[in-house]
Each structure stands twice: as structure tokens, then as C-alpha cells.
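For the numbers below, each heavy atom of this structure counts, side chains included, while hydrogens, waters and symmetry mates do not.
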Protein chains: 2
Amino acid sequence: MAASQRRSSGIDLAVSTVIFALRPEPERDSSRLWLPLVRRTRDPFQGKWALPGGWAAKDESLVATASRHLRDTTGLEPTYLEQLYAFGDADRSPTGRVVSVVYWALVRPEQAERAEETENVRWFPADALPQLAFDHNLIVEYALWRLRTKMEYSRIAHAFLGETFTLTELRHVHEAVLQKPLDPANFRRQVETSDAIVRTEERVTGGRHRPPRLYRYNTAVELSDNGPLSHTQI
Amino acid sequence: MAASQRRSSGIDLAVSTVIFALRPEPERDSSRLWLPLVRRTRDPFQGKWALPGGWAAKDESLVATASRHLRDTTGLEPTYLEQLYAFGDADRSPTGRVVSVVYWALVRPEQAERAEETENVRWFPADALPQLAFDHNLIVEYALWRLRTKMEYSRIAHAFLGETFTLTELRHVHEAVLQKPLDPANFRRQVETSDAIVRTEERVTGGRHRPPRLYRYNTAVELSDNGPLSHTQI
DNA sequence: CCAAAAGTGTTCGTACTACACCCATGC
DNA sequence: GCATGGGTGTAGTACGAACACTTTTGG
């Protein structure tokens, strides 16, 4: 502050988002994480796939920019959106200095299916990405780590599901993200004793076996804890 | 990206740091968290106290800028430095659009004592701050939350101490940060079974009672886990 | 009745808590 | 010896992992 009257100049501020959705794997009887990427139409990295994003806008908060880019490029509304990290190495873009504030988002599968793929927007499995532009491979890795870490102590798994869901569906979400099988009995008790969900009286009929009970989010509790920033506006 | 050729403009990028140190409280037989603030010498918020910081520099990574500002304004080297959050609301500065990437740092008490106070740099107790410039009160609150949360599952407490330390000193750090007393016996076992520290053969003599053993960091283990970003360079 | 998923019960091991107790030093 | 903090032992409790077992549906 004291050093100079000059403000920051020559630094471009970008906002990008890592968007996760779960897609059922028919053959493996489980789900898999997917994310949409955008093909770059100019240099640097022309033709390479990159995270959806764009430049920060002067009259808009960062999170609003992330939300808008998400809508523009994929047509999706996020059920969960959180800041991931600000990437600020001096050499992360070959053309000038770019600082990227990156968000990560979770969307529901219905939405993810509706999202049309175009020539320049395509969904990829999160564990089999091509080589991306810039440092975006590292960014996705970090977002995956945050998603898995947060899944274990938070209630964000619900963001992948609809209004109501069975405990088996919820368990499949955890299993897909954590990439390991979970004991159905213990999972049931853990999630039931936490006040994350409330049971409804509805059941899913028409299945081949005993009809499972449907559950619903407990909207009285926050989806995730971000300390004093819990109630930041979009 | 696809929308326009324009890059971000009219947005200034700042870097600030919340710097924590522990200072002994003589009368209460414990320690307390303090942090240095800088008095603003011009508008907006002239005369108000604010977090140390400044504009991002084009040829320097964000974390390097944070480190440099920390050195410049307080003369201190951090023993721990981590990104906190990028604050990007559109109206957080009354004069133009400013996005602040905020870091938080821990410094050792010897360093904090050496740091001279000047007319425009003063240390305050973290739990009794004046009204700060901008949204800096909120930022400090969030940094305190992160510090307390991370203290419980990480080994960052050591960053407040010197090369060697007794378990009582380490416990006092936890107690000061978490603001609650801890059982000495249980604390000892927890921290000993974790491989966070290694015992030396030295003891502190000259005290009034049984000479306690000195411990040392286990440098083979990371100070904190930041996932794939653990090894990001300063 | 049978298969398979939904849902319950039980046992075991680990880890944290509370607190009693012993140890070693300065005075 | 005595006060005091350093350090050890131990019983109680909570919680998750593993897995046997019962229930309820469609066929």
C-alpha cells in the first residue's frame, strides 16, 4: 500500500469453474464423475480442452461470474458452488499474466443429461481427462481432492441428487466419489443419526425387490460449512 | 472465453495477509493471538486500520507477493503461509472494483517481538480488533475460523514455536488458539502417537520443577495437507 | 418358494475422556 | 519434606467396521 500509487496493471483476472456431475455406468452398476470442458478456439492452446470460464466482469461479483459462465457454456444451474482457489503463478499462461479464481460446482444428473454437447463443449470422465490447456489438469486434480475430502465430513453428496432419494442412491454417490464400496448397513446408520436427511413416508414401488423408503434433505441445516462465509450472496 | 476479445479491465487485484502470532499473557498464565495492522494514510478509510497488503505485481506469483508484503511491513518471515480466499464482491471497495486474494500466515513469537511498532503499524489482540477498513473484519474472522479448524487436524501449531519445545508449550498454543483448556495427559498421548513430533534427549533445566523433555518437528511429514497443492513454490 | 435388495442386531476394536496416581526437581 | 508441573495408568464411553440376520417385495 505504502509503496506506490500505481494499482495493479498488466494482470488479467479470469474466472473458471470445475463442474462435476455423476453419470450412471450401466455395465458396472455404479456411477462415475464427469465434467464438461470447452475447446479453445484460439491461441494459446488452440484446439486444447479447457475449463469453462472467462474474464472477470467489473460490475459482477466473482461467484456471480462463475455462475453466469456455468449457465452460458453448459445451460446448467449449479446445486452447489464454492470457490476452490486463486491460481496466481507468474508463468501459468504463455501470453501475459493471468490470475484465475477457480470455482467448483455440483449439478444434478437430470440437468447434466439435458445439457447438449456441441462441437466445442464435451463431457469427459474425471479420471480420464486429456491433456488440458494451461494448468487445468492440476486444477481439476485439486478440485477432485476437495470434493472427496468434503464428501467425508459434509453433506454435499445430496447436491448430486434430486429432491427425494433412497439411501442406496445416496450411498452410490459416496461410492462413486470416494471410489470405494461402503457397507450399506453402516452407511445407513451414519447418515440417519446425522441430521442431514429426513425420512418421508413415500416408498419407491415398481422395483423388483422390497420398496425402499425415500428421504429428503434437511433444509434446516447448511449444506456445507464455510465458516463466516456461509451466507455469502451470489 | 468465447464471448469477447476484451480482457478483464477496470478491476484491481490486491494481495493482503492476516498474520498471526502468539504473545504470552503474563497475568493469565496463557497466550493470546495477536496480529499486525497497518494504518491507512489515504482515502478510502484514511486513518482506519487495515490488513497489510498491496497491489499484485505483474512479475511475481501471488504467494510471493504476500511473502514480500509481510517482510516489508513487519520485517517478519512466516513459518507458515497459506492462501485463505479471494474476496470478490463488486462493492467491497467504495473506490472502484478491487479483488483481494488474502493469505494467512503464522510467525514465531521471537520474530513478533523483534518486529518494531511504528506510528502506522501496530499489533492488536485478535479478539479485540477495532473497526477495520473495507471488509477486513470479516476476513480476519474467516482467518480465525480457518486457523482453529486447521489446528484440530493439522500440525500447524508448531509454526508458532521455535526449533524445540516442550509438550506443555505446544499445549499452550492449542489452548490459546482453541480458547479452551486441554487435558495435559491426553494431549501428550495424542500428539505423541501422531508422528507429528519426535522427542529429543534434551531437557529444560533451571525450571522450578521436574525438567520437561524437549521435542522437535518431524520434518519428514508435511506441515499441513493441501492436496495436490502441497508443494506449490513461493 | 426363491432371489435380492431393504433394513436391523451384535460383536469387536480403536480412540477419546476423565481422572487417579506416580515421578523428579527447586526450595 | 513439600509444592508443582512432568509424566503414566486405567476405567468408561462413543463410534465406526465387519458381518450375521430378518424383512419385504417381484417373479
Separation of atom [atom1] in [X] from atom [atom2] in [N], rounded to whole Å:
X	N	atom1	atom2	value
E175(A)	dA5(C)	CD	P	13 Å
F187(B)	dC19(C)	CZ	P	20 Å
R213(A)	dA5(C)	CZ	P	20 Å
L170(B)	dG7(D)	CG	C1'	16 Å
D183(A)	dA5(C)	CG	P	14 Å
E152(B)	dC16(C)	CD	P	12 Å
L182(B)	dC19(C)	CG	P	15 Å
L167(B)	dT8(D)	CG	C1'	13 Å

Return the angle between end axes of the helix from dC1(C)-dG27(D) to dC27(C)-dG1(D), with five pairs used per end and rounding to 10°.
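The angle separating the two end axes equals 10°.
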
Find out whether Q83(A) and L229(A) are in side-chain contact, i.e. whether some heavy atom of one side chain is under 4.5 Å from a heavy atom of the other.
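Side chain of Q83(A) against side chain of L229(A), heavy atoms only: no contact under 4.5 Å found.
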
Should E169(B) and Y215(B) count as side-chain neighbours, where that means a heavy-atom distance under 4.5 Å?
no

Which nucleotide in the list dA6(C), dT8(C), dG6(D) gets nearest to the side chain of R188(B)?
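Among dA6(C), dT8(C), dG6(D), the one nearest the side chain of R188(B) is dG6(D).
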
Any N/O pairs under 3.5 Å between the protein and nucleotides 24-26 of chain C? List them or say none.
| residue | atom | partner | partner atom | Å |
| --- | --- | --- | --- | --- |
| dG26(C) | O4' | R208(B) | O | 2.8 |

Between Y217(A) and E163(A), do the side chains contain an N or O donor and an N or O acceptor separated by less than 3.5 Å?
no

Assess, by modelled atom type and distance only, whether the side chains of T166(B) and R203(B) contain a donor and an acceptor separated by less than 3.5 Å.
no

Can the ring centroids of Y80(B) and W104(B) be said to lie less than 6.0 angstrom from one another?
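Judged by ring-centre distance (under 6.0 Å), Y80(B) and W104(B) do meet the cut-off.
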
With ring centroids as reference points, do F124(B) and W49(B) lie under 6.0 angstrom apart?
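Ring-ring flag for F124(B)/W49(B): true, centres closer than 6.0 Å.
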
R189(A): side-chain contact (heavy atoms from CB on, under 4.5 Å) partners, not counting sequence neighbours
A185(A), N186(A)

Using side-chain contact (heavy atoms from CB on, under 4.5 Å) as the criterion, list what pairs up with R68(A), not counting sequence neighbours.
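R68(A) satisfies side-chain contact (heavy atoms from CB on, under 4.5 Å) with A57(A), E60(A), T65(A), R71(A), D72(A) only.
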
With 3.5 Å as the limit, what N/O pairs link the protein to nucleotides 11-17 of chain D?
| residue | atom | partner | partner atom | Å |
| --- | --- | --- | --- | --- |
| dA17(D) | OP2 | Q190(A) | NE2 | 3.0 |

Provide the full list of ring pair (Phe, Tyr, Trp, His ring centres under 6.0 Å) pairs with a residue in residues 183-211 of chain B, sequence neighbours left out, each pair given once.
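Every ring pair (Phe, Tyr, Trp, His ring centres under 6.0 Å) pair that includes a residue of residues 183-211 of chain B, provided the two are not neighbours, is H174(B)-F187(B).
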
Could you label the plane-to-plane angle of the W145(B) and Y142(B) rings as parallel, tilted or perpendicular, counting under 30° as parallel and over 60° as perpendicular?
parallel

Strictly below 4.0 Å: does T166(B) bring a side-chain N or O up to OP1 or OP2 of dG6(D)?
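For dG6(D), neither OP1 nor OP2 has a side-chain N or O of T166(B) closer than 4.0 Å.
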
Okay, side chain of R108(A), backbone of L161(A): is any donor-acceptor separation there less than 3.5 Å?
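Yes: the side chain of R108(A) pairs with the backbone of L161(A).
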
